[in-house]
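All remarks here apply to the structure that follows.
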Amino acid sequence: MAHFICVSCGKEYPLDTREYRCSCGGLFRLAYVPPAFNRSLIDGSRFDLYRYRAFLPLEGNSWRDVTLGEGATATIPFDEHLFVKLDYAMPTLSFKDRGASLLVWHCRNIGVDKVLQDSSGNAGNSVAAYCARAGISCEIYVPKGTSPKKIKMIESHGATVTVFDGTRDETADACRAKAADEGIYYANHVYNPLFYQGTKTFVYEVFEQLGRIPDNLFIPVGNGTLFLGCRLALMELFHSGCIDRLPKLFLVQSERCAPLFGSVGENARKIVPEPTYAEGIAIGRPMRAAEILTGSYPGGQEVILAPEDGILPARNLLSRRGFFVEHTTAATYAAYISYTMSHVLEGDSLISLCGAGLKSEK
Ligand SMILES: Cc1ncc(COP(=O)(O)O)c(C=O)c1O
Ligand SMILES: [Zn+2]
C-alpha cells in the first residue's frame with residue numbers, strides 16, 4: 001500500500017494524513033513502486049492519462065468522477081531536430097491538469113471537503129477546476145500581479161481567490177499559515193507527491209506516441225513539478241527496460257529568476273527575483289530544490305537560462321507556426337534557441353508547450 005515518507009527523517013505517514021509535510025519540516029515522498037512499464041498494461045480504450053492507471057497509485061474508481069479528460073496531448077515534429085508536446089491542449093489549458101487530477105482525486109479519496117492552495121495562476125486554476133468537478137470547496141491564494149484572466153478562470157469554477165500583496169514565495173507562506181491556523185487541507189502541487197504521479201504521464205505519452213524518447217528534453221522549472229514527474233517516469237521506463245538510454249534533461253529557468261542556475265550541491269542560490277514575462281517559473285525559493293539538484297539521474301541534467309529579450313520573439317515564432325502559447329512556455333523555446341546557438345546538441349529534442357497563449361495578458 002502506498003504511503004508517504006519524510007525525506008529528511010524517514011518517518012512514515014499513511015496516505016490519508018492531513019499533514020502536508022513531516023512534523024520535522026521535511027517534505028514527503030511517495031513510497032510506491034508501479035509495475036514495470038509495459039504496453040500491455042495500458043488501457044487502450046481511454047484517451048486520457050488514466051489509460052496509464054496500472055502505473056498510478058489509485059484506489060477504487062472515484063478517479064472517474066474527478067477526471068476532465070486530461071492528457072493524451074499530441075507530440076509532433078516542429079522541425080527536423082525538434083518535437084513539441086502540446087500540453088496546453090488540456091481542460092484548463094496547462095500541463096498542471098495532469099497533476100491536479102491525481103491530487104484532487106486523492107483529496108476526494110481521503111474525504112477532504114475543503115482545500116487551500118497557492119499558485120502563480122495555472123496550478124490554482126487547475127486545482128479549482130478539478131475541485132469543482134469533485135465537489136470540493138476551494139480557496140486559491142495568488143500573488144499580486146497575477147494575470148486577471150487566470151483569476152477569472154479560477155473564480156469561474158466557484159473557488160475563492162485571495163490576491164496576496166507580496167511575492168509568489170510570500171503568498172505561499174501566507175497560504176500555509178492560513179491552512180495551519182484554520183485546519184484546512186493544504187492541497188499544494190509542490191508538497192503533495194500525488195501531483196508528480198500525474199505529471200509523470202507526460203513521459204509515458206511521449207514514449208507511447210513516438211515509440212522512444214528524444215535525446216534531449218527541455219522542461220520549464222519553477223518548482224519543478226513537471227520536471228520531477230518526468231524524471232521519475234524516465235527512471236521507470238529505464239528500469240523496466242523500455243528504453244536503454246536516458247535523455248539529457250535541460251531545466252529551463254528565467255534569467256531573471258534562476259535559483260538553480262550555478263548552484264552548488266543541493267542548495268539553490270539565494271536570489272532576489274526580478275519581474276519577468278515568464279511568471280510561471282518565477283519561483284525564488286523552490287521547495288524541492290535539493291531533490292531537483294541531487295536526485296541521481298544518469299542521463300545528465302543541466303540548468304539553462306531563458307533570455308528575457310528572447311521571450312517575445314520566441315512567442316511570435318511559435319504563433320507564426322500555429323502554436324499560441326503563454327510567455328512562460330515561450331521562455332522554454334527561447335532557452336532552446338539560445339542554447340543551440342552556442343552549443344552543439346546531439347540527437348533530437350523535445351520541448352513542452354505547457355501553457356496556452358490565451359491566458360497571458362501582455
Ligand atoms: C505554463 C507553465 N509552465 C511551467 C511552469 C513551471 O512549473 P513548476 O513550477 O512546477 O516547475 C508553470 C507553473 O506555474 C506554468 O504555469
Ligand atoms: Zn521528518
Side-chain angles (χ1 to χ4, degrees), residues 4-13 17 19-29 85-90 92-100 103 117-127 140 142-143 146-147 149-150 153-154 168-169 171-172 188-192 195-196 198-200 202 218-231 249 251-254 257-260 268 276-289 291-292 303 306 311 315 318 324-335 351-360:
F4 296 130
I5 299 182
C6 169
V7 295
S8 302
C9 74
K11 188 171 166 188
E12 299 191 358
Y13 289 74
T17 178
E19 306 298 330
Y20 64 90
R21 65 175 172 193
C22 181
S23 51
C24 81
L27 297 170
F28 286 155
R29 74 173 176 82
K85 183 154 178 62
L86 275 59
D87 255 23
Y88 63 86
M90 288 273 190
T92 77
L93 309 181
S94 88
F95 81 93
K96 303 278 184 181
D97 290 354
R98 295 185 184 277
L103 173 60
Q117 148 81 319
D118 53 79
S119 157
S120 62
N122 281 337
N125 183 17
S126 189
V127 168
I140 306 288
V142 296
T146 297
S147 129
K149 278 189 193 162
K150 288 182 178 170
M153 286 178 81
I154 298 172
R168 174 71 187 84
D169 297 308
T171 304
N188 181 271
H189 55 300
V190 185
Y191 281 90
N192 198 306
F195 199 89
Y196 304 86
T199 54
K200 76 180 185 180
F202 180 97
F218 287 77
I219 303 173
V221 176
N223 276 303
T225 64
L226 180 59
F227 169 75
L228 287 170
C230 285
R231 201 172 65 181
L249 298 177
L251 291 69
V252 176
Q253 297 224 285
S254 156
C257 182
L260 303 177
T276 165
Y277 275 122
E279 61 178 17
I281 49 174
I283 306 292
R285 286 187 276 128
M287 285 296 156
R288 291 193 183 265
E291 191 177 336
I292 294 170
V303 182
I311 295 178
R315 191 168 187 244
L318 287 169
F324 189 47
V325 299
E326 69 171 84
H327 294 79
T328 303
T329 288
T332 306
Y333 186 46
I351 62 175
S352 59
L353 301 184
C354 50
L358 282 175
K359 288 185 168 190
S360 328

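In each ligand, atom 1 is the first atom listed, and ligand 1 is the first ligand listed.
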Aromatic ring proximity, centroids under 6.0 angstrom, F4 and Y13: no

So if I count the atoms of ligand 1 from 1 in the order they appear, which ones are less than 4.0 Å from some heavy atom of E326? 1 (C)

If hydrogens are left out, which of P286, C354, S94 has an atom nearest to atom 3 (N) of ligand 1, that is, the closest non-hydrogen atom? C354

Taking atom types as modelled, find out whether D118 and T171 have a side-chain donor-acceptor pair closer than 3.5 angstrom. no

Side-chain heavy-atom pair E291, L228 within 4.5 angstrom cut-off: yes

Heavy atom of A123 under 4.0 Å from ligand 1? no

If you measure from OG1 on T276 to CD1 on I281, what distance do you get to the nearest 0.5 Å? 6.5 Å

Residue, atom and distance of the protein heavy atom nearest atom 4 (C) of ligand 1 read P220 CG, 3.6 Å

Would you mind checking which non-hydrogen protein atom is closest to atom 12 (C) of ligand 1, with the distance to 0.1 Å? G280 O, 3.6 Å

Determine whether any heavy atom of F95 lies closer than 4.0 Å to an atom of ligand 1. yes

Where's the contact between N223 and ligand 1, heavy-atom distance under 4.0 Å: side chain, backbone, both or neither? both

Does any donor atom in the side chain of D87 or S352 lie under 3.5 Å from an acceptor atom in the other side chain? no

Suppose the cut-off is 2.8 Å; which protein N/O/S atoms would you list for the Zn ion (ligand 2)? C6 SG, C9 SG, C22 SG, C24 SG

Answer whether the closest heavy-atom distance between the side chains of K150 and V142 falls below 4.5 Å. no

Distance in Å, N125 CG paired with I154 CD1, rounded so as to fall on 0.5 Å steps: 5.5 Å

Validation row: I292, F227 side chains within 4.5 angstrom (heavy atoms): yes

Under a 4.0 angstrom heavy-atom cut-off, which atoms of ligand 1 come close to T328? 2 (C), 3 (N), 4 (C)

Atoms of ligand 1 less than 4.0 Å from G355 heavy atoms? 1 (C)

Rounded to the nearest 0.5 Å, what's the gap from SG on C230 to NZ on K200? Could you check? 12.0 Å

Identity and separation of the nearest protein heavy atom to atom 1 (C) of ligand 1: N122 ND2, 3.4 Å

Is any side-chain heavy atom of S94 closer than 4.5 Å to one of C354? no

Do R98 and Y196 meet the criterion of a side-chain donor-acceptor pair at a distance under 3.5 Å? no

A student checking ligand 1 against I281 at a 4.0 Å heavy-atom cut-off should list atoms 6 (C)

Answer yes or no for E279: is there a heavy-atom contact with ligand 1 below 4.0 Å? no

I283 side chain near R168 side chain, heavy-atom distance below 4.5 Å: yes

Numbering as shown, the atoms of ligand 1 that approach G224 to under 4.0 Å (heavy-atom distance): 8 (P), 9 (O), 10 (O), 11 (O)

Return the residue, atom name and 0.1 Å-rounded distance of the protein heavy atom closest to atom 7 (O) of ligand 1. K96 NZ, 3.4 Å

Have a look at ligand 1 and work out which part of H189, if any, has a heavy atom under 4.0 Å from it: side chain, backbone, both or neither. neither

May I ask you to list the atoms of ligand 1 that are less than 4.0 angstrom from any heavy atom of T225? 8 (P), 10 (O), 11 (O)

Run the numbers for me: atoms of ligand 1, each under 4.0 Å from some heavy atom of V221, listed by number. 11 (O)

Side chains of H327 and E279: do they bring a donor and an acceptor to under 3.5 Å? no

Any Lys/Arg nitrogen of E326 or K149 sitting under 4.0 Å from an Asp/Glu carboxylate oxygen of the other? no

